[in-house]
Amino acid sequence: MQAFRELIKGWLGKILLGLVVLVFGAFGTESLLSIVTKPKPMAEVNGEPITQRSVERVMEYQRQQIRQRLGEKVDPSLLDAERLRPE
């Protein structure tokens, strides 16, 4: 740890530390912006954008409906994402 402190005290250490801060800052800013911005739509139906999240919500709702109708001993293939997605 002492060697690291000595390195930072010099001009080369300050440049390296500055680069590390810039890199982490850039990636941190990117992740924050991805949270704030709207997700890209997967498709558009009648002018309404459809996001991945909304598709997943509808599929989970369909799974719950199938479980309610058929009970807990439902065939797992009926709950498969590939089968529910086209509907």
Side-chain angles (χ1 to χ4, degrees):
M1 197 65 170
Q2 185 63 29
F4 181 71
R5 287 187 193 126
E6 292 297 324
L7 177 67
I8 290 178
K9 286 182 182 179
W11 63 271
L12 179 62
K14 290 181 183 182
I15 290 174
L16 290 175
L17 185 62
L19 287 174
V20 168
V21 168
L22 286 174
V23 169
F24 280 115
F27 285 111
T29 304
E30 179 184 345
S31 66
L32 287 175
L33 290 176
S34 68
I35 292 171
V36 174
T37 59
K38 290 183 178 182
K40 290 184 179 179
M42 292 176 49
E44 193 172 303
V45 177
N46 296 331
E48 293 291 321
I50 307 295
T51 63
Q52 176 70 28
R53 185 176 174 145
S54 63
V55 170
E56 290 171 0
R57 255 187 274 142
V58 169
M59 286 181 8
E60 185 57 36
Y61 178 76
Q62 287 179 339
R63 284 187 188 100
Q64 290 173 0
Q65 292 296 317
I66 292 170
R67 283 189 197 111
Q68 281 182 346
R69 282 188 236 136
L70 301 177
E72 288 299 318
K73 295 182 180 180
V74 65
D75 181 15
S77 68
L78 293 174
L79 304 175
D80 185 46
E82 295 303 318
R83 187 172 189 156
L84 293 175
R85 190 177 307 269
E87 293 181 27

**Q** Under 3.5 Å, is there a donor-acceptor pair linking the side chains of Gln68 and Gln64?
**A**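 No, Gln64 and Gln68 have no side-chain donor paired with an acceptor closer than 3.5 Å.
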**Q** Nearest 0.5 Å, please: how far is CZ in Arg69 from CD in Gln65?
**A**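 Output value for this atom pair is 5.5 Å.
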**Q** Can you tell whether the side chains of Glu60 and Arg63 come within less than 4.0 Å, N to carboxylate O?
**A**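 Here Glu60 pairs with Arg63 in a salt bridge, since their nearest N and O are under 4.0 Å apart.
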**Q** Considering only Ile, Leu, Val, Met, Phe, Trp and Tyr, and joining two whenever side-chain heavy atoms are under 4.5 Å apart, list the other residues clustered with Ile15.
**A**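 Members besides Ile15, by chain and number: Trp11, Leu12, Leu16, Leu19.
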**Q** Same cluster or not: Met59 versus Ile50, using hydrophobic residues (I, L, V, M, F, W, Y) connected whenever any side-chain heavy atoms lie under 4.5 Å apart?
**A**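 Same cluster.
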